[in-house]
Protein chains: 2
Amino acid sequence: MIDGPERAGDGASRRSFLKRSLALGGAAALAGIGGRRASAAEGGDPAITEVQDWNRYLGDGVDARPYGLPSPYESEVVRRDVPWLTADATSSVNFTPLHELDGIITPNGLCFERHHAGIAEIAPQEHRLMINGLVDRPLVFTMDDLKRFPRENRIYFLECAANTGMEWRGSQLNGCQFTHGMVHCVMYTGTPLRYLLEEAGLKSAGKWLLAEGADASAMTRSIPMEKALDDCLVAWKMNGEALRPEQGYPVRLVVPGWEGNMWVKWLRRLEVGDQPWQQREETSKYTDLLANGEARRFTWAMDVKSVITNPSPQAPITHGRGRTVATGLAWSGNGRIKRVDVSLDGGRNWIEARIDGPSLPMAVHRFYLDFDWDGSELFLQSRAIDEKGFVQPTKDELRAARGENSIYHNNGIQTWWLQKDGALENVEVS
Amino acid sequence: MIDGPERAGDGASRRSFLKRSLALGGAAALAGIGGRRASAAEGGDPAITEVQDWNRYLGDGVDARPYGLPSPYESEVVRRDVPWLTADATSSVNFTPLHELDGIITPNGLCFERHHAGIAEIAPQEHRLMINGLVDRPLVFTMDDLKRFPRENRIYFLECAANTGMEWRGSQLNGCQFTHGMVHCVMYTGTPLRYLLEEAGLKSAGKWLLAEGADASAMTRSIPMEKALDDCLVAWKMNGEALRPEQGYPVRLVVPGWEGNMWVKWLRRLEVGDQPWQQREETSKYTDLLANGEARRFTWAMDVKSVITNPSPQAPITHGRGRTVATGLAWSGNGRIKRVDVSLDGGRNWIEARIDGPSLPMAVHRFYLDFDWDGSELFLQSRAIDEKGFVQPTKDELRAARGENSIYHNNGIQTWWLQKDGALENVEVS
């Protein structure tokens, strides 16, 4: 670390920093340490005046990595599964490292995975998509066929309905990667599903669509025709390049704002019918068993939700008191996020956060609260409000409405307990 | 303003196309084959009725790849260098495979590279950014210090000034990856440069900024203070994750809309001065030698530009006549793209293309022309117009204005000759 007058951070030097900062305005007006006085300017700073290795030698050339990879220093920034969660990794999940990311785009290599029979590795030239059922002309499309239809590009979040599911029964996992990491957000390119259905010719009795995957689980979900004709895409690219294998290469369904299980990967068949199919994944799974024994079904749109990603249990504060950036993500299956509030005291007082970056319907929104941490313990929460007026509830409110049998559809407010040493824990407050 | 949209769209062929398009509307109305009648529906299509391998076996589980990679079937989708272009790969370039991409986000693994002394592999904990020169308080920042300033997230294109440089002397390279692949577009996260300069306290004489890289070339460029205080970012993330090593890990300068050479990578120093430094990269390089012996200098903002990425020489039409998707990218250092026109006949007639996806200032825009190819030979061109009214010129217009000594700043209209067999070539038409 570099020596400098500001590093002491107490007494006169800190006070003078505050005074100076207030005079500057904007970001610099926040108290804390945003840099050290450069003794380097007088020739004394070894970190600057000493020539470092990377200044002394040629690095790798442009022929080294035809497909680029992260720095070796980022080797811990990875998706992680929780091995005890499922019997086998082929029907399991790993998690987006939200605490290591920023902005609203999830890089393809870090988008969480959820499969029911492992990653189907499909040869695109051999893959086919069939439309059958209540249509005038049953059709089979090659990938090349699909690419002749008009395309759209949309940035959407995809959230697994089980995201934050462990939290129904109290705080379980210590880190937003594990509590909230079954969400990602990328730009999809594909063709609107309605173009394919129009090509096949929908019969008037066709009110439902069955989407079927080509993996060994043959994932199947029923989708109401109104949604299918509205904004669904048959997509073959994410963030510009081909879908990743674990995201359904070569083609998946995109069902904006709705639970991830419906975004059928490795899409091989679309059947038009007059009623839902009552498949396993929409009866025994992805439904919410209420306290009275009834089950909520067909709860497709993901509710308004948010989480603070930094600081969080996997990303403690290491800089001590002073200027601090809190940041997180908010999203809603109902459209855009209108506002995000942050609380430092477990929900008693709320401060409107700054939303930065594009605000797009059914995409994640990035929010920030720049504040001056005095070193005391805090109970950090975020609460999102969407453009339809829905407000993220507390976990207690959710439990009062739905009981505690649920696994899916938990959009409750999350609390991180920030301790004096900068460490954080997943807790609940009442 | 070199050209006017008034020139566009006269003559019978455009009128008949418009009429046809208006009458048909929507994708399915376009002629051509978008799928085959599914004998599968009657049990006869082997592609559907036969169970394929990926339907029969479990695939890899969620523990297989903590950091995900593309499908093995996409192994040819890579950046490519042109080995004969430079003496050594450590001071060279490779190219974004534009013809393999869609949408407006370039995935991090496929962003072109341009280095002057190879890829500096920097340990982020040891990296420092110094601000010195005409400031009240010279400062040294660690990476952790930078992350305490307020952040912004912006999607910007980055184009090397030498992109399309080979085309000054006629069509040279057969493929948009090589003619136009020194551009990429990602979401950056960082702090506005003005916050750091305010923290250091700008002296009133400080009108220029020198940005210096930590690689062995110690890349240095002069930037006018007005730009530095306007929209420049000091960025550490791209598409959500840490900058890639070849893009300046752990921190680079983002100079929206301006030539890529100024976006100094591995940023280690910012010096405030009262005049430009006249560094090598702004005198002997990145200037344009005119026919009269004078050189254009400080031509920072990248001019309005576009290119058709599909079909193109590396991406021929393989489906024969009928429904065809032409697509490409347009961008301008002046802000948003207002319109893109496409010509099928070498610039005699123009058709307004459909821009799809977010339209963001100084980001690439994705355009499409869905048309019905009759199998005849075409001369495909695109022409972008930005929100300031600038119109992309022809190559001949550019040469008339600047001569043929140039390497940099070629934004001329590109022509692909589509032949009857679907193959394409890089040609010029007059």
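The structure displayed is predicted, hence computed values, not measured ones.
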Start with the C-alpha gap between A:Leu101 and B:Lys237, add the side-chain angles, then the distance that decides, and say whether side-chain contact (heavy atoms from CB on, under 4.5 Å) holds. CA-CA 8 Å; A:Leu101 304 178; B:Lys237 292 208 186 277; 5.7 Å; no
Would you sort out whether B:Asp356 and A:Glu152 count as a side-chain contact (heavy atoms from CB on, under 4.5 Å), showing the intermediate values? CA-CA 6 Å; B:Asp356 183 82; A:Glu152 290 184 0; 3.8 Å; yes
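B:Trp54 is listed as a side-chain neighbour of A:Glu126, based on a closest heavy-atom distance under 4.5 Å. Here the side chains of A:His319 and B:Asp144 are not in contact, with every heavy-atom distance at 4.5 Å or above. You'll find the side chain of A:Asp102 reaches within 4.5 Å of the side chain of B:Asn153, heavy atoms only. Side-chain atoms of B:Arg79 and A:Tyr67, non-hydrogen and from C-beta on, never get closer than 4.5 Å to each other. Taking 4.5 Å as the limit, every side-chain heavy atom of B:Glu246 sits out of range of all side-chain heavy atoms of A:Asp60.
A:Pro245 and B:Leu69 make their closest contact through CD-O, 3.5 Å (heavy atoms, listed as atom of the first residue, atom of the second, distance). Residue B:Asp63 comes nearest to A:Ala89 through the heavy atom pair OD1-CB, 3.4 Å, listed as atom of the first residue, atom of the second, then distance. B:Glu241 and A:Pro70 get closest at one heavy-atom pair: OE1-CG, 4.3 Å. When all heavy atoms are compared, the tightest approach of B:Asn239 to A:Pro107 is O-CD, 3.2 Å. When all heavy atoms of A:Ala216 and B:Leu58 are compared, the pair lying nearest together is CB-N, 4.4 Å. Taking both residues in full, the closest heavy atoms of A:Gly61 and B:Ile119 are given as O-CD1, 4.2 Å, listed atom of the first, atom of the second, then distance.
Relative to the six-membered ring of A:Phe149, B:Arg323 meets both conditions, a distance below 6.0 Å and an angle of at most 45° to the axis.
Both the backbone and the side chain of B:Ser71 come within less than 4.5 Å of a heavy atom in chain A. Contacts between B:Thr86 and chain A at a heavy-atom distance below 4.5 Å are absent for every atom of the residue.
Looking at residues two or more places apart in sequence or on another chain, you find a ring pair (Phe, Tyr, Trp, His ring centres under 6.0 Å) between B:His184 and B:Phe112. Partners of A:Tyr249 by ring pair (Phe, Tyr, Trp, His ring centres under 6.0 Å), not counting sequence neighbours: none found.
Comparing A:Cys185, A:Gly357, A:Pro66, A:Ala120 by how many heavy-atom pairs each has under 4.5 Å with chain B, the most go to A:Pro66. Across B:Arg354, B:Arg80, B:His116, B:Arg194, the residue that shares the most heavy-atom pairs under 4.5 angstrom with chain A is B:Arg354. Most heavy-atom pairs under 4.5 Å with chain A: of the set B:Asn94, B:Leu243, B:Asn108, this distinction falls to B:Asn94. In terms of heavy-atom pairs under 4.5 angstrom with chain A, the leader among B:Arg151, B:Glu121, B:Arg65 is B:Arg151. Ranked by heavy-atom pairs shorter than 4.5 Å toward chain A, the options B:Ile104, B:Leu360, B:Val77 are led by B:Ile104. When each of B:Lys147, B:Arg366, B:Arg154 is scored by its heavy-atom pairs under 4.5 Å with chain A, the top score falls to B:Arg154. The greatest number of non-hydrogen atom pairs below 4.5 Å with chain A, out of B:Ser91, B:Pro250, B:Ala123, is found for B:Ala123.
One distance of note links CH2 of A:Trp266 with CG of B:Asn55; it measures 11.0 Å at 0.5 Å rounding.
Using a 3.5 Å distance cut-off with no hydrogens or angles, the side chains of A:Tyr57 and B:Asp215 do not pair a donor with an acceptor.
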